Amino acid sequence: MATQVTAMEALQKELDRLNRTPGLSATVDKVDKIIEMLTSVKDQIIQSGMDTHVASMAITRTQNPIKSTFEKINDDLKGVTATQRKLGKMLDKHFPLKDLPSEHDAMADHEPLINRAISMHLLREGQFSVASTFIEETGDAVGFEHVNAVIEGQEQASMSDNYDDEAMDEDHEDENDDEDEDEDEVVSPLGVLATGSGFQQLQSLSSFQSHELEAKFSQMYTILQDIKSRNLLSAIEWARNNSVELEARGSNLEFELSRLQYVWLFKGPTVNGLPDDKFNGTAGALLYAQQNFWRFGNRYIGEIQQLANAQIYAPNLPKSPYWKIFSTETAFADVASSFTREFCSLLGLSAESPLHVAVTAGALALPLLIKYQQATRARGTEWTTTNELAFETPLPERMLYHSIFVCPVSKEQTTESNPPMMIPCGHVLAKETLQRLLKGTRFKCPYCPAEGLEKDARRIMI
Amino acid sequence: MADHEASKINHDNHLLLDQPLLRLPYELLRKNFRSAHFTVEKESTTLNKLLKETAKGSLDSKTSPEDVVKDLDTMIAKMRGMKRKLSTYADEETRLYKQLDARVAHLRELSDMRSVEDVKYEAWSRKRLDRLLVDYMLRHGYNTSAQALANEREMHDLVDVETFLTMSKIRESLENGSVTEALAWCNDNKKELRKLQSNLEFLLRCQQYIELLRINTQSKSVEAIAHAKKYLAPFQEQYPDEVREMAALLAHRPTNKDLPPKYRAWYSPDRWSKLASTFVEAHNKLLGLPTFPLLHTALSSGLSALKTPACHGTQKTTSSSQPGHSHTSMTTSVCPICSIELNELAKNVPYAHHSKSHLDNDLLCLPNGRVYGQAKLDEYAAKAGLAEGQVKDLVTGEVYSRAALKKVFA
Ligand SMILES: [Zn+2]
Ligand SMILES: [Zn+2]
């Protein structure tokens, strides 16, 4: 750490010094001087009326000054090269070149997939104009214009209904509903992009899908912009239109937003800057609650009670037990991030840019990868060709998205072909481990005195 | 495996992806200097010589004052030409120093951070991603996008647009069947290419020869032979087999019906795209640029580190996502590998190795075999407004009595 600071500072110092040395611009000035000298010789000769003596004297006399100016230019160049060499040495010392994996590029044949990931990243970052330039330049948009024009009209009409429809189907869908997806694809082109089956046939982001995504993300940005300027209405409307989906996700976004709206109104015109009328202030908040909170049924009864109680303390809220719920310091930023997460999740997208997460994780894991590669180079095994990495690449907690179960006996991660099995005592082993432990149809738990029958072990999903 | 240690920024190794950031402007600075130096040496020698001759002629009265003035005009014109060239080099030098300054400043920002959880790291890492994206776009010739992104993010000094645009032009000219630009580039970098033992120039000369043979007329054949004598013969020692094959091509024209495959290959239009990639390879090597886009390196490594067996499984878990199936996750974010952007791409790399389980506390197994941490079940039950003593499966939505749950010891 400390050494790195010094290294970067040393580099900076070296650079500053380089900038101060007369560089190539100094040589330009000296060439100018030579031009001046030559011009003045010419002038002298012309002014003398083409006198032979003047001509030979002037031209002879100018030889040495020009020669020495060239020598000075050479000295300048020597200075430049010396300092540049020093910079090179500093780079070698503080920033030594380290080999990157160069033999095998696992990504080489997947340009269309990478391009699509980039397009989607740019769209989700709100870089709409760069995204459309990129989609056009990569040629992903070709051939879809017609489809686009036809479907877009229909889509606009059914866009908001889409999720509700799907959500209603939800109740009679089960584990094996993947087969039904072909039907959905016709209805929801975004679904084609998102669901496993349709997605595999897709090599690139079509113009239609990109427009669809762009429309979605620009909706997201509009709403986020509203939240930023303390206007929750568009967010609440979105949450309401998608309430079935959100509820099923266990999201309380709609309530979170409505509660904040209540609090915001409660604070009154001096804080929220909204018109001073019956829809604002404590009375306005109460009206809002009466008109809206019934939607939540019994689900947030406790929280709603607290909001109502606060009415009693209205004039002296900061001293009340409810002050905390009424603090809006981070509330808007909090709902904005809940909103982004839910919005992306309903599109089947992760809330943070996967490309960003992957590249950050990549930078963290790369040193270990290189270390491993150097160690195994002699054996000629490529790390990219195995199923599982042979070495650990620790990531920060927030970059772990799935539960991981490592069998305590075999030390192997469980997979679909070697799933975790729970035995009657509650201990969990990988299936292959269990099979190795079997004596006939019986086994003994390696962790407790319990014995069990093979048929009593059950596959679990962690 | 996740631990606090994993969030620390290892400064000795965190900049592996950023090596060309300082190396490239440094290499360009050296190259620029060498060109400037060459100009100065050449022009100064010429001028001193001219000056000496004119002075001598004038003293010996062999050169009239009128001719002295004429010679002076030539010299002045030469110096003006030299000044123009040097000004270009001086501008390039200024630009490169500005780049170096900006880049060192960018890297210094990182040296103040200790953990990837630092909020400033987020911004820095985003900038790095933007840099890698521009690099990727430039290497693939998506030049308009690259410039648009660089402009949008105001990071011109952090990306190498000019270098890659030049490269792009030469590559495209090769793809369009022209060797002129690539040969000029070889000439500019003669010494360095020799050091790298690059066969690019030889291959370009071969291609010129092949194109003459392709036309298959008497006069072109004569031209081809002259070309071979002048440009291919000097490579005799270095590439004896290829030079012999070139000679044999004289008797093996593309119109021959039974042309052996090894000769036919030389006439193939594929040669041009091969030349283009040979050029790109030489170009990148010469400037110390990685062979493939850094984004590829970052992605292969990152996708692997993030990938789990569940990411391409057929079973739904709390972090996977399938829109249209709403019961995906409860307030958790979708896994980036499960997310549609990267899922297909991640099929091409191994999944991460874990030696320790990473599980919630107090695991409970539902009658359907799905396992969740108690806290998550409680939270979900509360949010769903379930009656006391009931829980709901986070993925499938099934409701069970708490009495039916079994403790899991994993
Ligand atoms: Zn046991
Ligand atoms: Zn995943």
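Nothing here was measured: the structure is a model prediction, and the numbers come from that model. Residue numbers begin at 1 in each chain, while the letters A, B, ... track the order of the sequences.
- Interface remark: of the candidates A:D32, A:I301, A:I114, A:T62, A:I114 forms the most heavy-atom pairs closer than 4.5 Å to chain B.
- In summary, B:E344 and A:R116 do not engage in a salt bridge, as defined by a charged side-chain N under 4.0 Å from a carboxylate O.
- At a 4.5 Å heavy-atom cutoff, the contact between A:R458 and chain B is made by side-chain atoms alone.
- The parts of A:L91 that come within reach of chain B are both its backbone and its side chain, each placing non-hydrogen atoms under 4.5 angstrom from that chain.
- No part of A:C344 comes within reach of chain B, as not one of its non-hydrogen atoms sits under 4.5 angstrom from that chain.
- At a 4.5 Å heavy-atom cutoff, the contact between A:Q63 and chain B is made by backbone and side-chain atoms alike.
- Using a 30° and 60° split on the angle between ring planes, A:H427 and B:F409 fall in the tilted class, from 30° to 60°.
- A 4.5 Å side-chain heavy-atom check between A:I59 and B:L72 finds at least one atom pair inside the cut-off.
- Inter-residue side-chain proximity for B:H37 and A:V80 is flagged as unmet; no heavy-atom pair is nearer than 4.5 Å.
- With a threshold of 4.5 angstrom between heavy atoms, A:M422 approaches chain B through side-chain atoms but not through N, CA, C or O.
- B:E117 has a carboxylate O that lies under 4.0 Å from a charged side-chain N of A:R398, or vice versa, which qualifies the two as a salt bridge.
- Of the listed residues (A:T60, A:L246, A:L355, A:L97), the one with the most heavy-atom contacts under 4.5 Å to chain B is A:L97.
- When side chains are defined from C-beta on, B:I337 does not count as touching A:Y401, because their heavy atoms never get closer than 4.5 Å.
- Under the salt bridge (charged side-chain N to carboxylate O under 4.0 Å, His left out) criterion, B:E43 pairs with no residue, sequence neighbours left out.
- Using modelled atom types and a 3.5 Å distance limit, the side chains of A:E388 and B:H353 yield a donor-acceptor pair.
- Using a 4.5 Å cut-off between heavy atoms, A:N74 contacts chain B through its side chain alone, with no backbone atom that close.
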Report the C-alpha distance between B:S125 and A:H356 in whole Å, list the side-chain angles of each, state the deciding distance to 0.1 Å, and finish with yes or no for side chain to side chain donor-acceptor pair (under 3.5 Å). CA-CA 8 Å; B:S125 165; A:H356 181 231; 2.9 Å; yes

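- Annotation: side chain of A:H402 is in contact with side chain of B:C335 (closest heavy-atom distance under 4.5 Å).
- No donor-acceptor pair under 3.5 Å is formed between the side chain of B:E341 and the backbone N or O of A:S353.
- Heavy-atom distances place no part of A:F296 under 4.5 Å from chain B, backbone and side chain included.
- In terms of heavy-atom pairs under 4.5 angstrom with chain B, the leader among A:I73, A:L368, A:D105, A:I46 is A:D105.
- Interface remark: A:E111 contributes backbone and side-chain atoms alike to the contact with chain B (heavy atom separation under 4.5 Å).
- Interface remark: of the candidates A:A55, A:G426, A:A361, A:G426 forms the most heavy-atom pairs closer than 4.5 Å to chain B.
- Interface residue A:E416: only side-chain heavy atoms are found under 4.5 Å from chain B.
- Considering only heavy-atom pairs separated by less than 4.5 Å from chain A, the leading option among B:E92, B:R128, B:R34 is B:R128.
- At a cut-off of 3.5 Å, with distance as the only test, a side-chain donor of A:T81 or B:R30 sits close to an acceptor on the other residue.
- When heavy atoms are compared at a cutoff of 4.5 Å, A:A58 does not approach chain B at all.
- Proximity to chain B involves both the backbone and the side chain of A:L38, based on heavy atoms less than 4.5 angstrom apart.
- Side-chain N or O atoms of B:S357 include none that pairs as donor or acceptor with a backbone N or O of A:F405 at under 3.5 Å.
- Interface check for chain A: of the options B:D73, B:T63, B:N10, B:D18, the most heavy-atom pairs under 4.5 Å are formed by B:D73.
- With hydrogens and angles ignored, the 3.5 Å screen pairs no side-chain donor or acceptor of A:S350 with any backbone N or O of B:P336.
- If you measure heavy-atom distances from B:K406 to chain A, the contacts under 4.5 Å come from the side chain alone.
- With a threshold of 4.5 angstrom between heavy atoms, A:L77 approaches chain B through its backbone and through its side chain.
- Remark: A:K98 pairs with no residue by the salt bridge (charged side-chain N to carboxylate O under 4.0 Å, His left out) rule, at least two apart or across chains.
- Neither side chain, A:T133 nor B:S145, offers a donor N or O lying under 3.5 Å from an acceptor on the other.
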